[in-house]
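These notes are about the structure you will find just below.
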Amino acid sequence: MQSSSWRYDGTVAGVSFPLCASEGSLLCYLVVNISLCLMLAICQTNRKDCIAADFSRRRRRKVSTPRSQGSSPKGFVPRKPSGMSTQRRDQKSNVDKESQSTSPSKESEISNQKMVEAKVETSDDDTKGVVRDRNFLEDEDEIHGSPKSISLSPVSGSTQFVESEETGDDDKDDKSKRMEESDFLIDSVIREQSGGDYSENSQGETNASSKGSHAVGTKLPEISQLDAVGGYKIEQYNYDELDEPQKLKENNDGYVEYNAPVASELLEITKPRDVEHSESNEIDDLDSNSNNFLKSDSVEEGDPLTVRTVETEDSSLNLRLEMEANLRRQAIERLAEENLLQGIRLFCFPEIVKPDEDVEIFLNRSLSTLSNEPDVLIMGAFNDWRWRSFSTRLSETHLNGDWWSCKIHIPKEAYRVDFVFFNGQDTYDNNDGNDFSITVEGGMQIIDFENFLLEEKRREQEKLAKEQAERERLAEEQRRIEAEKAAVEADRAQAKEEIAKKKEVLQALMAKALKTRDITWYIEPSVFKCEDKVRLYYNKTSGPLSHAKDLWVHGGYNYWKNGLSIVEKLVRSERIDGDWWYAEIVVPDRALVLDWVFADGPPKHATAYDNNHRQDFHAVVPKHISEEFYWVEEEHQIFKALQEERRLREVAMRAKAEKTALLKAETKERTMKSFLLSQKHIVYTEPLDIQAGSSVTVYYNPANTVLNGKPEIWFRCSFNRWTHRLGPLPPQKMLPTENGTHVKATVKVPLDAYMMDFVFSEKEDGGIFDNKSGMDYHIPVFGGVVKEPPMHIVHIAVEMAPIAKVGGLGDVVTSLSRAVQDLNHNVDIILPKYDCLKMNHVKDFRFHKSYSWGGTEIKVWFGKVEGLSVYFLEPQNGLFWKGCVYGCNNDGERFGFFCHAALEFLLQGGFHPDIIHCHDWSSAPVAWLFKEQYKHYGLSKSRIVFTIHNLEFGADLIGKAMTFADKATTVSPTYSREVSGNPVIAPHLYKFHGIVNGIDPDIWDPLNDKFIPISYTSENVVEGKSAAKKALQQKLGLKQADLPLIGIITRLTHQKGIHLIKHAIWRTLERNGQVVLLGSAPDPRIQNDFVNLANQLHSTYNDRARLVLTYDEPLSHLIYAGSDFILVPSIFEPCGLTQLTAMRYGSIPVVRKTGGLYDTVFDVDHGKERAQQCGLGPNGFSFDGADAGGVDYALNRQVYLLFSIKIHSHGIRAISVPILGLSNAGPLCYNIDPLNVRALSAWYDGRDWFNSLCKQVMEQDWSWNRPALDYLELYHAARKLD
């Protein structure tokens, strides 16, 4: 033992603290300890002086830190939150980048840096502490842009702690405040680890506590000692062990050194924040002045103490980090030991994983399938592998056992982490095929995450849409530039070509032109140039104008380049050697040669000419400009003119295209609205347009359904054709509305909905249902992030317009397919390859493949028709090399073979369509061949839809197809009812539906119709139809008068009501109207009958009647546009397209009430309510009977309606003509006085109502927009069938 002496153990601000060397001097120890506390307090107050004190050597007591009871982590077993949370950091996901862990050599280097070492000794069963590098704090501050205020508080009986984080300005006051907070907490940790109670001593005396001092207990005195760099060493002492010279020795300089091991390994961790204690015994908040012995209200600039203060604050911060790392290491090593003992190969720290924090995952490689692998990587994602995938390399740890670890950041959207381990190649540890997963506590709920994903998808779709729009814009701009360049070159080439022709003609003319005096004419002066005024003399007696009273010169230049540009009257000359006359003219600029004739009067008034025997007169300009320069200028002018013409033409075309697109969009919008309102008497929604992500209220009127009179109505709803991820919503009892018989229910529409589906029932558990006759109710949802998956529809048909059209079947196949394809579904057509196809309408025609069936080779060709994909089947047995579609004596055999070959093509080609749509008797065999031979052999996914276009042909085949089809349709609801009693239809009414046909709005379009004189829309319908009527009258040789004109476009058959057509012609002519008929008869007798009628009418009413007994496509367009009315008096009509086309052109249909005519024409008197149910207005005239009286009734109303408007303004006193609200009882009876001629003249003045009707019918949509929606509903209903 050394003698009593003093040695210096440290300095603060240059002041030494002596330490008593006497090992037994308790008094010395206490005096020095109290002195240190007082000095530090003074130093805190004055900031100028520092007091040093030395302390005697003493031995340290080893203190055990109690372990928390029952808190050992067991793999991933959930436990109470431990209070550890972390600051979010950038996640590293590069699998090739090694995770950086500090090696022992590096740790020793770091431990020698200027940083505070905090030592917390524990008992042997506790793990060692970990020092946290100061550089990590600096990195964290740099990442997050603000300093952090950290507070640590111990949890009794455990190594857990709380760390909070604040952001603020990096100034000295903030650092002092952080120091103040940390001092108390460090003290608290020491007190807890020592197990002492420092609030009072054993005698009940209160320990002194002031700024810069720590309470001193009677058993375990505690000293906070400043080291040489201004930091802290936290040391714990036991008074009873001061005499034991352990772990203390003198260094070479005579100073006391402490040789106990310190935490020297650094583990990169993330700073916890916002964490609650897992134990209930939290430390009470103390006054902010407690233990804050380095806080300063102000620091004078240049004060030497400032440097020391900053160093002290940094050292305190490092101390806190070291303690944090120490506690973290203890917890991790404890978990590693426990899991190793239990044979668990996986755990994570912190054990309670929370969102927006880092987590370290540990894998015991020796217990894994990767035990022999040198590399271990993790691959994973979040939330059932649906969010933010990651992959990184694991690093070997210092832990006991073969533990490897990596860190990942948990995003705030996570509710679960899913992952597997692998060696970077093909060896995996995937938890025996179940994958590993960690539940994230407090994370996003699954339903919230689903909505979050949908929002993310919406944003992504918007981004992609913008990018796609930009790409399309750039591509369009590039196409425009290339087209402009090509057009410029074309204009330049055309200008050169025109100049070459003009140059050749003009040079030949100049070679013949006279340059000197002639006996007939001459010019003075003889030498002149452009823009000179000269006199042109003419010898009157030399030519045919010798007797003319006046003489005029009509002239131009350069072979009449600009037409007539010189007009002057000649005057008599004073010359006596003949009858000379002259005119003064100015030579035009850039003239090479002058051109003229003489006449006896000015232009448009002259009757006699002297044109030099039809050669005209020509004279070369002697001093003209350079010919080379002239032709260059001329070519440039022609080029500029061509460019301007092209520009104007393109502007007009672009404007028309934009207007067409706008009209189509507006029409589709109106059609969708009418579609949504079509069942308003049963069900409708508010709002009408359902938006994804919003709430919608459904109103239902059970009085019009099978649930009429039921005491309760239950609403059963889902989305996306009953396939939505949420499944059917719970049944909802509908509530009564304030007025009427409707009930209502409100639901929230998810963001990923594209269709709303619902039915109604009488009870919560079922009972009677209203499911729209098995179709269910479906309403489209707009603005969703998910689009309806496309269906694949294949039409097998024997007709297709325009390449193989015979009747309406071909139009339906093409137009329906285009409309469904426009709704983003996939459509293919299979058609026989006739040798009479109109191949000029087939684009990209090419050979596709060959296959064998039925003992013959079948070649398959592919092409595009009207934008549709068409497969042409050409059997090499010659069945379709007949030069016609129909008309062979073996048509049944031909089309039966085709149907079988088409199904074989689908099977061998690997097609799996959702719907196979066949039409009429000609492809009816597809239905039963599919069910009997193909459904169970590769085409099980498909469903058969069969459409009857005309039941008049092939009833037996149609009946068999009805039996095997999944769904069947015909071309109008009324026709479906009319044929429902037919024995081939009656057994299958449950699957039989009527859907009205449409017309192709691109073919029948008055805005872009090249067969009519001017384009028009509903906005200028009067102007357009007036011009078309005049053109029609002129073309057919009719009287050019504004008379009522009735058009008839039809096949002349008994079905079309030919006896009513004849009667209507005569009745129209009697009413002083005009009539035009276009059509032919397949029956020669009917054709001859109409030929005789045409001869009779053309001789009697040549100026008001014309019958064209052939098919003429251009003429049909002109008749639709030029007629006021279109007559369709069919005896039966499954659908009819004539009346629809008529309305497209603003012509008013006059029809008989049958089939599709009744479904599409709503009488102006009697059809208002029915039209309103369809979301339309009245649009024509109709009649019931099949006799002449019915036709008269309709014609009289529509003709005399026009005659009667405003008739009283012309003084007619006696008239009896009901205009609206006419009786249904037979034909119209009228009584007009002899002044009925004035009534006819009043027709011009009384057309406002009629013109408004024309405008109204033009704005109605009779395209395939609405039928396509109905067919899609039918297709989906068929797909639901087993």
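Atom set for the values below is all heavy atoms of this structure, side chains included, hydrogens, waters and symmetry mates excluded.
For the pair Lys680 and Tyr699, the cation does not sit on the ring face, since its NZ or CZ is not both under 6.0 Å from the ring centre and inside 45° of the axis.
Under the 30°/60° scheme for interplanar angles, the aromatic rings of Tyr1145 and Trp1004 are found to stand perpendicular. The aromatic rings of Tyr1275 and His917 sit perpendicular to each other, their planes meeting at more than 60°, with 30° as the lower class boundary.
Although no hydrogens or angles enter the test, the distance criterion places a donor-acceptor pair under 3.5 Å between the side chain of Ser1147 and the main chain of Ser1123. Remark: the backbone N or O of Phe1132 is paired with a side-chain donor or acceptor of Gln1055 at under 3.5 angstrom. A donor-acceptor pair under 3.5 Å is formed between the side chain of Ser1116 and the backbone N or O of Glu1113. In this structure, the side chain of His795 does not engage the main chain of Val827 through any donor-acceptor pair within 3.5 Å. Using modelled atom types, no side-chain atom of Arg977 and backbone atom of Gly994 make a donor-acceptor pair closer than 3.5 Å. A donor-acceptor pair under 3.5 Å is formed between the side chain of Gln1256 and the backbone N or O of Pro1178. The main-chain N or O of Ser1099 is never found under 3.5 Å from a side-chain atom of Asn1102 such that the two would form a donor-acceptor pair. Between the side chain of Glu978 and the backbone N or O of Gly1155 there is at least one donor-acceptor pair closer than 3.5 Å. Lys805 places no side-chain N or O within 3.5 Å of a backbone atom of Glu799 that could act as its donor or acceptor partner. When atom types are taken as modelled, the side chain of Ser1080 and the backbone of Thr1110 share no donor-acceptor pair closer than 3.5 angstrom.
To the nearest 0.5 Å, atom OG1 of residue Thr1154 and atom CD of residue Glu1133 are 7.5 Å apart.
Counting heavy atoms from C-beta outward, Leu1045 and Val1075 have side chains that stay 4.5 Å or more apart. In this structure the side chain of Pro1006 never reaches within 4.5 angstrom of the side chain of Thr1017, judged on heavy atoms. In this structure, Leu1052 and Thr1050 have side chains that are in contact, with non-hydrogen atoms separated by less than 4.5 Å. Within the 4.5 Å cutoff, the side chain of Trp1264 has no heavy atoms near those of the Asp1000 side chain. Side chains of Leu1097 and Trp1066 form a contact here, defined as non-hydrogen atoms less than 4.5 Å apart. Using a 4.5 Å cut-off on side-chain heavy atoms (C-beta onward), Ile1065 and Ile1048 make contact. Residues Ile948 and Phe992 form a side-chain contact, since some pair of their non-hydrogen atoms from C-beta on lies under 4.5 Å apart. Side-chain contact between Leu676 and Ile779: present, with at least one pair of heavy atoms (C-beta onward) separated by less than 4.5 Å.
The residues Lys1029 and Asp1042 are annotated as salt-bridged, a charged nitrogen and a carboxylate oxygen being separated by less than 4.0 angstrom. In summary, Glu1019 and Lys1255 do not engage in a salt bridge, as defined by a charged side-chain N under 4.0 Å from a carboxylate O. Under the 4.0 Å criterion applied to side-chain N and carboxylate O atoms, Lys772 and Glu1273 are not assigned as salt-bridge partners. A salt bridge between Lys673 and Glu669 is absent, with no side-chain N of the basic residue lying under 4.0 Å from a carboxylate O of the acidic one. Between Arg1144 and Asp1005 a salt bridge is recorded (basic side-chain N to carboxylate O distance below 4.0 Å). One finds a salt bridge joining Arg1266 and Asp1270 here, because a Lys/Arg side-chain nitrogen approaches an Asp/Glu carboxylate oxygen to under 4.0 Å.
Between the side chains of Asp1009 and His1117, at least one donor-acceptor pair of N or O atoms lies under 3.5 Å. A donor atom on one side chain and an acceptor atom on the other are found under 3.5 Å apart for Thr947 and Thr969. In summary, the side chains of Glu866 and Thr814 do not present any donor paired with an acceptor at a separation below 3.5 Å, with no hydrogens or angles considered. No side-chain donor from either of Asp1261 and Thr667 sits under 3.5 Å from a side-chain acceptor of the other.
Considering all non-hydrogen atoms of both residues, Gly1167 and Phe1162 come closest at O-CB, 3.6 Å. Leu1107 approaches Phe1090 most closely through the heavy-atom pair CD2-O, 4.1 Å.
Counting non-hydrogen atoms of other residues, nucleotides and ligands closer than 6.0 Å to CD of Glu1169 gives a total of 12 or fewer.
Residues Tyr1120 and Phe1011 keep their aromatic ring centres 6.0 Å or farther apart.
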Problem set entry | Criterion side-chain contact (heavy atoms from CB on, under 4.5 Å) on Gln1087 and Leu1109, from CA distance to verdict | CA-CA 8 Å; Gln1087 181 75 8; Leu1109 302 178; 3.6 Å; yes
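A search for side chain to side chain donor-acceptor pair (under 3.5 Å) contacts involving Arg647 returns Glu644, not counting sequence neighbours. For Tyr1101, there are no side chain to side chain donor-acceptor pair (under 3.5 Å) partners two or more places apart in sequence or in a different chain.
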